[in-house]
Amino acid sequence: MRRSLTVFLSLAVAGGLAATAPAVASAQGRQDIPQSHPLWASPQAKVADTAPSSKLDFRVYLNLRDQAGAEAAAQSVSDPESKGYRNYLSPQQVRDQFSASDQTVGAVKSWLQGSGFQIGDVPSNRAYVEAVGTADQVQQAFAVKLGKYSVKGQTLRAADKNLSVPAPLANDVLGVIGVDQATSLFKPDHTDGAATPSAQSAKPGVVAPGPGFRNAGPCSAYYGEKVDTTDPAYQGKQLPYAPCGYTPAQLRSAYGLDNAAKLGADGKGTTIAIVDAFGSPTIYSDASTYAKRNDPSHPLTQGQFSQHVFPPTPGQEAPDQCDAAGWYGEETLDVEAAHALAPGANLLYVGGADCQDLSLDAALNYVIAGHKADIVSNSYGDTGEDIPADEVKAFNQISIQAVLEGIGVYFSSGDNGDEVARLGTPSPDFSASAPWVTAVGGTSLAVGKNGQRQFETGWETGKSKLTGGTYTPAFPGAYNGGAGGGTSRLFPQPFYQKGVVPDALSTKNQTGNAKGRVVPDISAVADPNTGFLMGQTQTFPDGAYYDQYRIGGTSLASPVFAGIMAVADSLDHFHHGFINPVIYKLTSRTSAISDVKHVDAAVQRVDYANSVDATGGLLTSARTLDYPNLTIHTTKGYDDVTGLGSPNGLAFLLLV
């Protein structure tokens, strides 16, 4: 399961994220903020003016003092061939060298206060100034007219043209987010990694646990333990039943972490932050219960876990509108998976006030600005890359600061393959496609009786339902989800992918001789048909209580890989930070990364029709692993489903 935000916006950045275009001069000593007017806010779409007394909460993001210098320093600290390799900066050093100055913050605050706004949050890294005021004050301050526009079935607020600021501030303002309601087009979209239950809402502001879900049997304790000999063969083969859900010990064994544990490395000394939306009221109870039941020698102690959840502010979406209970499941999976792989690591959960990018960025920035963790796992993203320019630029600055501080930021690559089914054209997902984060793709993993990795292939699932003795549709079935990947239209090829990613991939979706960033970078188990056993409080017909089920998605792969990196930190006695430059060099020099290749395999899966018990009957289906009919494919070497491959045990831990 990976939380995905579906986007229906028109990006005004041609050719990807480049340097911010020069501000356009306007009347009365003002300058436009480039690309600050959404294209959907056309005169033809306007339906009304915005009430002057309407309350708005927005952020003015600030430029770094030296964007080029910050990017050069980020490359230096992360590139093993650089003299500055791993000479990380402290948050204070980042502020002193690159962040907007106190004088700049003061000037922006003074202008906003003089325009009648109340000043809100200014984070410690001075990334933005938050302000609250009326629509009329916004119109006067930014020299625009706010209106209501009909877009994609909604009526949303936007300005009639680019926002502008006083000319002396133009070079300091990166962008303004929140004046328009573009983020209201970002709607959470469930990814059906495990037929995960959708949210159930109680009265406004109170969210009950989601509806219960259980896996039906038969299922296997390990891959291949049980074979379906009663149903018809699929492609001439009797299929093994899907695993019931891998346990922490099975995944640690499959990825070679047991060998690290023998050397005393289990993640201790590293803090993994997990960023999602909202905060589950039962998270510690669920995660600690899960560890006691499934990994009793590695309990999750109170001292290992902490949680910081941003409170909602007036005007933000209510939890039920964002499917808070669904996010509770996301948080629970991420926490349990990270602890399963790195049982000695500390865990910090940071929950955004709601499910929109603006709030999730604030949560991520909270971790980075204060260096509150060494690793950050993020199991959410937008569908494709059609993202407002201001959001892209703001996120880019947060991720660059993480690199400078030696913080590894991991994003799940997505659960909908190449996104053709939803977008009509192939695309990777943002934020995984951003150049200064590590995109974690997904695999189908076969763990044998003794914990060995029998095989690992790319996760792209085909589903054939068994009805009346016939599988429909026939092999390879209908596409049913898989790891995200592909070539970015938004970002050019980063330095670390040069000479490693095949030109046939980097030039996809490009014009001329241009090359783009390709996703993912590396991969780990994600297929819900070879997934992870998870425990969570859910609402069943007979009440709300803890129960367990198998789950997957690249939101499993991201915390799994974050846990592996935490073990690497403790084994190598340093924090690895942004690992992309290292792993792209490793792949051609060592066996530290296992090349994930296509494997012809399938499993038989049995599900309850009503999701909880057999009273509603059973549903049987064959699930093809590594479905072939997409524009992204698992191949020898680097590919756009699994990236460079997956970690190869102790060899990987010692060399990253």
Side-chain angles (χ1 to χ4, degrees), residues 1-11 13 16-17 152 182 185-193 196 330 355-357 360 378-388 391-392 395 411-435 437 439-444 458-463 476-491 501 504-510 516-521 523 526-528 552-558 624 626-635 639-643:
M1 183 176 106
R2 174 199 188 245
R3 297 298 303 192
S4 179
L5 306 173
T6 304
V7 183
F8 302 99
L9 300 180
S10 296
L11 181 68
V13 181
L17 181 66
K152 301 295 181 181
L185 291 168
F186 292 51
K187 292 298 182 184
D189 183 44
H190 282 286
T191 52
D192 198 16
T196 312
E330 186 66 70
C355 63
Q356 298 184 9
D357 276 355
L360 295 170
N378 306 268
S379 293
Y380 57 88
D382 300 315
T383 299
E385 295 185 308
D386 205 3
I387 311 300
E391 163 60 26
V392 175
F395 179 84
F411 270 86
S412 56
S413 70
D415 290 1
N416 295 285
D418 54 18
E419 294 291 6
V420 166
R422 297 203 289 183
L423 299 178
T425 56
S427 176
D429 291 343
F430 179 81
S431 300
S433 63
V437 305
V440 185
T443 65
S444 300
W459 170 43
E460 302 292 348
T461 299
K463 178 180 178 181
Y479 178 67
N480 191 237
T487 306
S488 175
R489 292 178 173 84
L490 190 58
F491 301 103
V501 176
L505 295 181
S506 61
T507 56
K508 277 187 176 181
N509 307 331
Q510 304 295 309
R517 158 95 160 109
V518 187
V519 174
D521 299 303
S523 57
D527 186 349
T554 53
S555 60
L556 168 61
S558 182
T624 302
D626 204 19
Y627 183 81
N629 298 341
L630 299 173
T631 62
I632 57 176
H633 302 284
T634 309
T635 64
D639 62 65
D640 45 10
V641 174
T642 67

Using a 3.5 Å distance criterion without hydrogens, assess whether the side chain of [X] forms a donor-acceptor pair with backbone atoms of [Y].
{"X": "Ser433", "Y": "Pro428", "result": "no"}
{"X": "Tyr479", "Y": "Gly417", "result": "yes"}
{"X": "Asn509", "Y": "Arg489", "result": "no"}

>> If the condition is ring-ring contact (aromatic ring centres under 6.0 Å, His included), which residues does Phe395 pass it with, not counting sequence neighbours?
In response: Phe411, Phe430
For the student: nearest non-hydrogen atoms of [X] and [Y], plus distance:
{"X": "Asp639", "Y": "Thr642", "result": "OD1-N, 2.7 Å"}
{"X": "Ser413", "Y": "Ala432", "result": "CA-CB, 4.0 Å"}
{"X": "Gly553", "Y": "Pro528", "result": "N-CD, 4.1 Å"}
{"X": "Gly442", "Y": "Ala483", "result": "N-CB, 3.3 Å"}
{"X": "Phe491", "Y": "Val392", "result": "CZ-CG1, 3.8 Å"}

Could you tell me the separation between the [atom1] atom of [X] and the [atom2] atom of [Y], rounded to the nearest 0.5 Å?
{"X": "Leu505", "Y": "His633", "atom1": "CG", "atom2": "NE2", "result": "10.0 Å"}
{"X": "Leu360", "Y": "Asn378", "atom1": "CG", "atom2": "CG", "result": "8.5 Å"}
{"X": "Asp418", "Y": "Lys508", "atom1": "CG", "atom2": "NZ", "result": "8.5 Å"}
{"X": "Glu460", "Y": "Thr634", "atom1": "CD", "atom2": "OG1", "result": "6.5 Å"}
{"X": "Cys355", "Y": "Glu330", "atom1": "SG", "atom2": "CD", "result": "12.5 Å"}

> When you look at Asn416 and Thr383, which way does the side-chain contact (heavy atoms from CB on, under 4.5 Å) test go after all the steps?
Replying inline: CA-CA 9 Å; Asn416 295 285; Thr383 299; 5.7 Å; no
>> What I'd like to find out is whether the side chain of Asn629 reaches to under 4.5 Å of the side chain of Pro476, using heavy atoms alone.
In response: yes
>> If you define the side chain from C-beta out and look only at heavy atoms, does anything of Val420 sit under 4.5 Å from Pro426?
In response: yes
>> Between Ser444 and Asp527, is there a side-chain donor-acceptor contact under 3.5 Å, judged purely by atom types and distance?
In response: yes
>> Could you work out, with side-chain hydrogen bond (donor to acceptor under 3.5 Å, both in side chains) as the rule, every residue matching Ser488, not counting sequence neighbours?
In response: Glu385
>> So, using side-chain hydrogen bond (donor to acceptor under 3.5 Å, both in side chains) as the criterion, who are the partners of Ser427 when residues are at least two apart?
In response: none
>> The test is side-chain contact (heavy atoms from CB on, under 4.5 Å); show your working for Thr554 and Trp459 and say whether it passes.
In response: CA-CA 9 Å; Thr554 53; Trp459 170 43; 4.1 Å; yes
